[in-house]
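Letters go in sequence order (proteins before strands), and every chain restarts at 1.
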Amino acid sequence: MNLRRHITFGIALPAFVALAIWSCSSDDPIIDSFSPTPYVIPDAPHFPKILNIPEDNPMTVEGVDLGRYLFYDGRLSGNTSKDLLMSCATCHIQENGFEVGIDHPKYVGGITFGLPIPDFPDGKPTPHFMLSIVNTVYNSNGYFWNGMINESNNSLGNENLGVPADSQFNFKNLESLAWLTITAPHEMNSTVERSVATINAVALYKEKFKAAFGTEEVNYDRISKAIAQFVRSIVSHNSKFHKSLRQEAELNPLEQQGHDLFFSEDADCFHCHGGSILMTTNDFFNNGKDATFDPEDHDRHFVTGDALDIGAYRAPSLINVELTAPYMHDGRFKSLDEVIDFYSEGLVYSDYVHPLMKNVRQKGVQLTENEKSALKAFLLTLTDNELIQDPQFSCPPELKEWSG
Amino acid sequence: MEHFKYFLIICTGFLLSCNSDDEPKKDSTSGKIIFNFEHFADGKVLDLDNLKYTNAAGNDYEVTEVQWFISDLTLHKSDGSKMQLGGEDFSHYIDTNIPSTYQWELPDEIPAGDYASISMVFGIKGEKNIPFYYTDSPESNMAWPINLGGDNGGYHYMKLNGFWMNANSERQPFNFHLGVGQERDADNKIIGFIQNWFEVELPASAFSIMANEHKSINIRMNVEKWWDQPNEYDFDYYGPMTMQNQEAMAAGVENGQHVFTIGSVVTVPSE
């Protein structure tokens with residue numbers, strides 16, 4: 001395996017080539033003096049070199065900046081009334097590791113819902129629980145709990161939502177999440193046209209679109225690309241655990257005990273969550289939560305059609321896991337203690353359980369109370385306090401009143 | 001913008017001309033080899049996710065996935081000389097979930113002639129098995145914890161996952177994972193590590209290659225042999241997991257000498 005190949009393809013070459021080709025688009029009359037600054041994902045020891053950055057959306061400083069504004073702007077929902085705003089940040093809250101968290105005053109228990117619609121005056125419940133958007137730039141194995149958003153998905157648009165089967169309304173990468181979020185009745189419940197028009201009417205964006213894309217013209221393609229760029233910029237390298245690997249911090253004895261449990265067959269978390277430094281394999285597993293399954297579930301089987309994927313969902317990254325309750329795809333566990341108890345003595349056998357759940361016949365790994373405490377102490381070292389306070393990922397002051 | 005276009009054209013021309021200069025000169029006395037990997041059980045292509053096999057110990061079992069590293073492929077001549085292939089690309093990851101990993105095209109120019117045998121390392125030798133060497137998936141997902149393998153135990157050699165019918169006639173998951181083992185004291189504390197990688201000389205692997213010829217060589221893993229001889233591997237005795245059970249891994253290592261064979265050696269027609 002040639003590591004240098006990874007480095008080359010991961011960062012330098014695509015960034016240069018894509019930016020060069022993109023800059024050279026001769027059909028666009030507006031970009032004579034257009035020269036955005038390439039944005040470089042900060043390198044960190046042991047983190048992946050392969051970055052999921054599409055060739056047609058190279059990251060630039062200006063694009064990330066624009067994306068940050070759009071991410072925090074509730075007018076993306078197509079509304080200007082302050083009690084009807086919804087932005088990405090309405091649910092993806094920085095201090096909660098970019099998830100909604102379990103203590104939200106409106107989304108009680110981490111249960112989110114969309115803006116009011118006639119059939120759901122209190123908002124239509126979102127049919128899934130949240131997943132982290134941290135370190136998504138390192139993930140090339142699809143997005144959502146079931147990996148539905150992936151490069152092999154050739155679906156386009158959504159007739160029911162009035163979104164045409166146009167190539168820009170695809171299901172392939174982070175860019176796809178913008179139109180899905182804008183139009184979903186359980187989220188912003190807008191239309192692409194309405195949202196574009198609303199953003200177009202906000203004066204501050206003219207300069208930002210010009211800086212990012214060489215033109216003041218707001219369109220959906222540019223909105224989705226900018227938001228995707230900002231989301232890709234949200235990387236976490238600085239939890240206590242990660243610092244300990246760099247000898248910048250030291251785990252205390254209880255945390256170290258938990259670490260050794262996590263990375264052993266005694267607690268056996270690492271096969272799904274810790275193979276790499278991302279604290280996830282980004283693969284999909286039936287982890288023994290249930291004995292029976294609803295055929296209508298949007299599990300991995302919904303994507304692959306493979307019966308072996310029934311009841312399987314993504315193993316989420318555990319970075320910031322302290323902040324991201326409730327847990328599992330259906331939010332059934334409200335605390336880390338409940339999760340640890342589940343893996344210790346709550347597993348349920350089904351014909352679809354993944355073989356990595358090898359203790360399923362004993363209902364779990366059977367941890368002692370001391371071991372549970374140690375494991376929890378280690379999980380708490382995965383919180384990246386720098387990330388959740390970093391101003392570069394926070395709401396721009398101009399948008400405080402508009403973020404929704 | 002116009003200036004940039006001209007700059008790009010010049011750069012492209014320069015890069016193209018560099019490319020042709022840098023291209024290694026074709027050696028008219030050498031050929032190429034592509035290695036392919038296949039997984040068999042009981043003499044036939046492994047049928048994944050099908051509880052239809054029985055091992056030597058009488059356990060009925062199924063295999064759901066096999067993920068493993070091969071490294072240090074070496075060609076041996078009858079005069080005792082040898083040629084290790086791959087250079088920096090010394091290892092290759094194979095995954096039954098990722099068919100694209102079934103082929104390993106090596107850059108080496110193979111001098112025309114007769115070769116007496118092919119050898120391989122199952123897993124990765126300790127000095128090359130460094131934690132965090134692989135930063136990207138899928139290889140990075142093979143990481144073997146440092147607390148279980150030390151500084152020279154970076155990655156699983158293999159994850160072979162499946163189910164067997166246990167003594168209670170229950171379908172029970174197993175993880176037959178091989179990697180660096182642990183030496184433990186009476187209190188079960190780790191006091192050292194045991195390198196479990198092994199070298200295999202593939203039986204009946206003699207072949208010849210002519211100048212400008214391309215050979216396609218299939219290396220076959222015969223899965224049932226992991227549990228066959230010299231150790232009848234009984235899942236009910238060894239249990240569902242191996243990583244912290246050196247006795248189980250040692251049995252697998254001994255059996256591993258019989259696991260790999262040459263499936264075929266085929267000359268690939270020139271285009």
Side-chain angles (χ1 to χ4, degrees), chain A residues 1-7 10 20-21 23-26 28 31-35 45-51 138-141 245 256 259-266 268 270-272 274-278 280-283 288 306-308 349 351 353-362, chain B residues 1-2 4-5 7-8 11 48-49 62-65 69 71 86-93 97 107 124 131-148 155-156 159-163 166 168 170-177 182 190 239-245:
Chain A
M1 214 54 53
N2 188 339
L3 194 59
R4 285 186 304 182
R5 179 195 68 189
H6 290 174
I7 295 168
I21 292 170
S23 308
C24 271
S25 174
S26 57
D28 197 332
I31 35 186
D32 277 349
S33 60
F34 178 50
S35 56
H46 317 316
F47 273 78
K49 304 298 182 212
I50 294 177
L51 305 177
Y138 300 123
N139 174 22
S140 299
N141 201 31
L245 294 174
Q256 186 64 48
H259 167 279
D260 291 352
L261 284 164
F262 186 99
F263 289 101
S264 73
E265 291 193 315
D266 298 330
D268 200 19
F270 76 97
H271 275 116
C272 303
S276 76
I277 201 163
L278 302 175
T280 177
T281 54
N282 275 315
D283 275 336
D306 186 341
L308 296 167
Y349 177 82
D351 286 345
V353 72
H354 195 280
L356 285 172
M357 311 306 296
K358 52 192 165 283
N359 294 293
V360 67
R361 288 296 185 185
Q362 294 74 44
Chain B
M1 182 53 65
E2 283 298 301
F4 189 79
K5 270 194 210 167
F7 173 70
L8 199 66
C11 283
L48 292 166
D49 308 308
E62 68 181 273
V63 174
T64 58
E65 59 191 353
F69 279 109
S71 63
E88 278 189 36
D89 261 340
F90 66 90
S91 70
H92 181 71
Y93 172 72
N97 298 313
I124 304 170
F132 302 116
Y133 180 82
Y134 302 105
T135 55
D136 295 288
S137 64
E139 292 91 342
S140 62
N141 291 337
M142 292 290 280
W144 186 271
I146 296 174
N147 45 304
L148 296 183
Y155 295 86
H156 287 69
K159 297 180 190 174
L160 199 171
N161 296 325
F163 296 84
N166 68 19
N168 299 325
E170 297 168 325
R171 184 171 168 266
Q172 159 86 49
F174 70 79
N175 297 169
F176 185 74
H177 292 191
Q182 306 90 39
I190 296 172
M241 49 204 171
T242 56
M243 291 183 70
Q244 290 163 231
N245 183 349

A.B. asks: Any idea how B/His177 and B/His156 line up, ring-wise: parallel (<30°), tilted (30 to 60°), or perpendicular (>60°)?
C.D. replies: perpendicular
A.B. asks: Is it the backbone or the side chain of A/Asp283 that comes under 4.5 Å from a heavy atom of chain B, or both, or neither?
C.D. replies: side chain
A.B. asks: Does any backbone or side-chain atom of A/Tyr349 lie under 4.5 Å from a heavy atom of chain B? Answer side chain, backbone, both or neither.
C.D. replies: side chain
A.B. asks: Out of A/Val360, A/Asn282, A/Asp351, A/Leu278, which one racks up the most heavy-atom pairs below 4.5 Å with chain B?
C.D. replies: A/Asp351
A.B. asks: Which bit of B/Phe174 is near chain A, if near means a heavy-atom gap under 4.5 Å: side chain, backbone, both or neither?
C.D. replies: backbone
A.B. asks: In terms of heavy-atom pairs under 4.5 Å with chain B, which of A/Ser140, A/Pro45, A/Ser264 leads?
C.D. replies: A/Ser264
A.B. asks: Do the non-hydrogen side-chain atoms of B/Pro173 and A/Met357 ever get within less than 4.5 Å of each other?
C.D. replies: no
A.B. asks: Using side-chain heavy atoms (C-beta onward) and a distance below 4.5 Å, is B/Ser140 in contact with B/Thr135?
C.D. replies: no
A.B. asks: Quick one: of A/His354, A/Arg361, A/His259, who has the most non-hydrogen atom pairs under 4.5 Å with chain B?
C.D. replies: A/Arg361
A.B. asks: Run the numbers on A/Leu51 and A/Tyr138 for side chain to side chain contact (heavy atoms under 4.5 Å, CB included), then give the verdict.
C.D. replies: CA-CA 5 Å; A/Leu51 305 177; A/Tyr138 300 123; 3.6 Å; yes
A.B. asks: Taking C-beta and beyond as the side chain, do B/Lys159 and B/Asn175 meet within less than 4.5 Å on heavy atoms?
C.D. replies: no
A.B. asks: Parallel, tilted or perpendicular: which fits the ring planes of B/Tyr133 and B/Phe90, with parallel below 30° and perpendicular above 60°?
C.D. replies: tilted
A.B. asks: Contact part of B/Thr64 toward chain A, heavy-atom cut-off under 4.5 Å: side chain, backbone, both or neither?
C.D. replies: side chain
A.B. asks: Which bit of A/Gln362 is near chain B, if near means a heavy-atom gap under 4.5 Å: side chain, backbone, both or neither?
C.D. replies: side chain
